[in-house]
Amino acid sequence: MELANLLSFLLASVLLTIMPGPDIIYVLLESITKGAKTGISISLGLISGLIFHTALAALGLSIIIQQSDLAFSILKYIGAAYFFFLAYQSYFEEPLNLENKDASMPSNFIDLWRKGLLMNILNPKVSLFFLALLPQFLSQEGWSPQIQMM
């Protein structure tokens with residue numbers, strides 16, 4: 001990857017990372033109510049989901065999902081159901097108590113990581129985003145497009 005492409009990609013990645021979406025808002029809310037470790041665990045799951053989407057895009061599987069109405073609809077509805085499930089869980093949690101964060105600490109790192117991972121993997125907008133963004137930064141010279149995307 002050429003230096004100009006790499007710098008452009010890094011700038012685009014930073015700008016998109018600081019723009020809050022539902023997952024970032026969820027991480028902020030969980031961090032405020034349950035502590036930094038909870039937010040970090042969920043964030044690591046979200047990052048793992050990005051690695052998953054990058055691999056799908058590099059292998060060309062995201063294109064199959066995008067072009068198949070059935071596959072995309074299934075992913076979209078599973079993702080929406082998962083977000084409703086998270087909202088349902090949040091609704092029935094104990095009332096917010098910022099003084100006693102330890103009392104409301106959720107399960108363990110793996111459970112929180114898995115929650116972040118599923119939030120990202122089941123978000124169809126992320127795969128479409130990777131299909132639209134990553135190819136713009138590929139160089140015609142050098143390594144194969146799959147390696148550059150990874």
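One-based numbering along the sequence shown.
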*asked:* Could you report the tightest heavy-atom contact between S31 and G39, atom names first, then the distance?
replied: OG-CA, 3.0 Å
*In Å and rounded to the nearest 0.5 Å, what is the CD1 to OG distance from I110 to S41?*
9.0 Å
*Pairing residues for S8 by the side-chain hydrogen bond (donor to acceptor under 3.5 Å, both in side chains) criterion, not counting sequence neighbours*: none
_Using 0.5 Å steps for rounding, measure from the CG atom of D23 to the CD1 atom of I42._
10.5 Å
*Other cluster members, F84 - Ile/Leu/Val/Met/Phe/Trp/Tyr, side-chain contacts below 4.5 Å*: none
Identify each donor-acceptor pair in which a side-chain atom of residues 114-121 lies under 3.5 Å from a protein atom, sequence neighbours left out, and give them as a table.
residue : atom : partner : partner atom : Å
R114    : NH1  : D111    : OD1          : 3.3
K115    : NZ   : Y26     : OH           : 3.2
N120    : ND2  : L46     : O            : 3.1

*Mind checking side-chain contact (heavy atoms from CB on, under 4.5 Å) for L70 and listing every partner two or more places apart, or none if nothing turns up?*
S68, I74
*Answer yes if I47 and F109 sit in the same cluster of Ile, Leu, Val, Met, Phe, Trp and Tyr residues linked by side chain heavy atoms under 4.5 Å apart, and no otherwise.*
yes
*Same cluster for L44 and L29 if Ile/Leu/Val/Met/Phe/Trp/Tyr side chains link at under 4.5 Å?*
no
*side-chain contact (heavy atoms from CB on, under 4.5 Å) partners of I24, counting only residues at least two apart*: P20, L28
